[in-house]
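Throughout, a chain's letter reflects where its sequence line sits, starting with A, and its residues are numbered from 1. If you're wondering where the values come from, they're calculated on a predicted model, not measured in any experiment.
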Number of protein chains: 2
Amino acid sequence: MTEADIPALGERPAVSVDVVIFSVRAYDLQALLLRRPTPPFRGRWALPGGFVRPSEALDDAARRELQAQTDVHDVYLEQLYTFGAPRRDPRGRVVSVAYFALIASEVAIRAGSPEVELSWQSIYNLPELAFDHADILRYALQRLRYKLEYTSVGFELLPNEFTLTELQTAYEIVLGKELDKRNFRRRMLEAGILTETARYRESEGQGRPARLYRYKKNAVHEVKARRLFP
Amino acid sequence: MTEADIPALGERPAVSVDVVIFSVRAYDLQALLLRRPTPPFRGRWALPGGFVRPSEALDDAARRELQAQTDVHDVYLEQLYTFGAPRRDPRGRVVSVAYFALIASEVAIRAGSPEVELSWQSIYNLPELAFDHADILRYALQRLRYKLEYTSVGFELLPNEFTLTELQTAYEIVLGKELDKRNFRRRMLEAGILTETARYRESEGQGRPARLYRYKKNAVHEVKARRLFP
DNA sequence: CCAAAAGTGTTGGTTTTACACCCATGG
DNA sequence: CCATGGGTGTAAAACCAACACTTTTGG
């Protein structure tokens with residue numbers, strides 16, 4: 001930040017944001033993709049995103065595009081990494097600031113325009129993606145798994161109230177491994193980031209109803225000290 | 001990444017890189033700053049950095065500016081975060097991709113131009129910085145401390161060969177706390193990321209000479225599983 | 001009363017912490 | 001032989017992993 005002059009207009013890259021939205025649904029970890037209605041990569045699946053406006057913060061651009069293209073709002077959103085290889089977009093130089101978002105499976109999505117097909121796709125069976133979006137997605141997945149083990153960000157994948165079994169299932173789906181029920185519950189309860197409600201969820205079919213819990217909102221970053229699931 | 005059109009030239013932000021270079025020297029954790037020779041913030045201390053060229057990768061831009069302004073090269077460099085508040089630069093919209101770098105105290109620096117004053121400054125006693133560089137530096141420091149506890153990146157702060165005491169001292173300076181000598185040594189040796197050389201370093205003045213070690217180059221990311229210093 | 005899901009403790013092994021003395025060298 | 005810094009082991013506490021049965025409900 002020391003060269004005297006800001007670059008001439010002709011020498012500036014475009015700046016975009018791209019958002020990887022994860023959700024646990026159908027007993028699977030899925031990402032929300034849309035089919036590009038226009039070139040380049042017309043018809044290919046891609047991450048939601050778009051260009052940053054001249055006087056808009058990067059986070060705001062990510063939220064705006066998310067809402068415009070998928071109707072998702074009020075969501076956990078975190079900057080991931082900035083991808084800026086010179087030829088990553090055939091239209092010209094585009095530097096993309098990638099974000100990752102987590103939403104509960106109950107949250108509805110809706111395509112922002114009728115020509116754009118939107119779809120949840122399993123991260124274990126992804127189609128070919130436009131641009132370098134496969135790299136972005138892979139990076140986001142790695143970060144998600146990492147954060148899940150070391151922080152309490154996993155709650156963002158569930159609705160406001162949830163049972164401990166639902167929480168454990170979400171963790172298992174994201175991490176791709178089974179966890180011990182007793183150890184899981186003990187850790188979660190001892191971490192002090194849950195509050196018990198007075199309500200229960202009746203299981204569908206048979207079974208004892210499960211207590212509902214809420215996440216303490218102010219606790220997201222509290223847990224860092226020790227791994228939640230070693 | 002779905003809007004049909006790339007923004008018109010007049011609507012593009014400029015994209016810069018800024019680099020926080022840390023080094024342990026004079027028994028202190030210091031960052032390399034330069035005094036801005038031109039407006040805006042003329043005379044204020046700032047991070048090395050500059051604008052990304054049209055067909056240059058972001059990492060390459062960071063390395064280029066680092067070498068041009070400080071003569072530092074072949075260095076550990078990692079992308080940190082992208083700062084893009086709309087008014088962070090009075091010249092106009094500038095999105096800055098921040099990096100952090102680590103170098104050994106033995107590495108010489110040299111200002112890239114005679115008008116630019118370069119200086120190592122203690123992170124415990126920073127001057128006022130230009131732009132939002134104080135935020136960037138704070139963020140970089142947090143990341144450095146975090147990585148030091150969970151990965152073996154700390155070796156980048158030392159020369160090729162070093163004694164265990166030197167390594168421990170570097171860790172203590174960065175983390176700002178004392179570590180137990182026996183536990184430190186055991187952990188480092190058991191982590192399997194050091195190779196013992198046949199050489200010793202004569203201590204200045206009196207004292208038993210200390211064995212020299214090297215860092216196994218391929219091991220940088222090996223350690224993640226468990227905290228190095230809980 | 002059966003099936004289904006919720007809920008609950010203990011033990012053994014491992015890891016981590018805290019802690020103090022002897023060794024090699026130079027002056 | 002003294003001062004300086006290098007080098008080493010052990011025991012108690014904390015933490016983690018593995019493991020199976022009882023409770024509540026609906027059909």
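Looking at the side chain of Glu202(B), the nearest of the listed nucleotides dC16(D), dG26(C), dC19(C) is dG26(C).
Rounded to whole Å, atom C1' of dC22(C) lies 11 Å from atom NZ of Lys181(B). As a whole-Å value, the separation of Met188(B) CE from dG7(D) C1' is 17 Å. Straight-line distance from the CZ atom of Arg185(B) to the P atom of dC19(C): 19 Å, rounded to whole Å. A straight line from OH of Tyr200(B) to P of dT4(D) spans 23 Å, rounded to a whole angstrom. Rounded to a whole Å, the CG atom of Asn183(A) is 16 Å from the P atom of dG7(C).
Checking the phosphate oxygens (OP1, OP2) of dT10(C), no side-chain nitrogen or oxygen of Arg182(A) falls inside 4.0 Å. For the OP1/OP2 pair of dA6(C) and a distance below 4.0 Å, the side-chain nitrogens and oxygens of Thr165(A) include at least one atom meeting the criterion. For the pair Arg187(A) and dA17(D), the criterion of a side-chain N or O lying under 4.0 Å from OP1 or OP2 is met.
If you check every strand for non-hydrogen atoms under 4.0 Å, Arg211(A) touches sugar and phosphate atoms only. Using a 4.0 Å heavy-atom criterion, one finds that Thr163(A) contacts no nucleic acid atom at all.
For the residue pair Arg211(A)/Thr165(A), the side-chain donor-acceptor check at 3.5 Å is not satisfied. Ser96(B) and Ser16(B) are linked by a side-chain donor-acceptor pair at a separation below 3.5 angstrom, with hydrogens and angles left out of the test.
Between Tyr215(B) and Phe162(B), the ring center distance fails the sub-6.0 Å criterion.
Ring geometry, Tyr81(B) versus Tyr139(B): the interplanar angle falls from 30° to 60°, so the pair is classed tilted.
Both Gly207(A) and Asp180(A) sit near DNA chain D, but only Asp180(A) has its closest nucleotide nearer the 5' end. Nucleotides of DNA chain C nearest to Arg208(B) and Leu189(A) differ in position, and the one nearer the 5' end is that of Leu189(A). Nearest-nucleotide positions on DNA chain D for Pro209(B) and Arg186(A) put Pro209(B) closer to the 5' end. Comparing Leu164(A) and Gln206(A) by the nucleotide of DNA chain C that holds the closest heavy atom to each, the one mapping nearer the 5' end is Gln206(A).
For Arg25(A) and Trp120(A), the positive end sits near the middle of the six-membered ring, less than 6.0 Å away and at most 45° from its axis.
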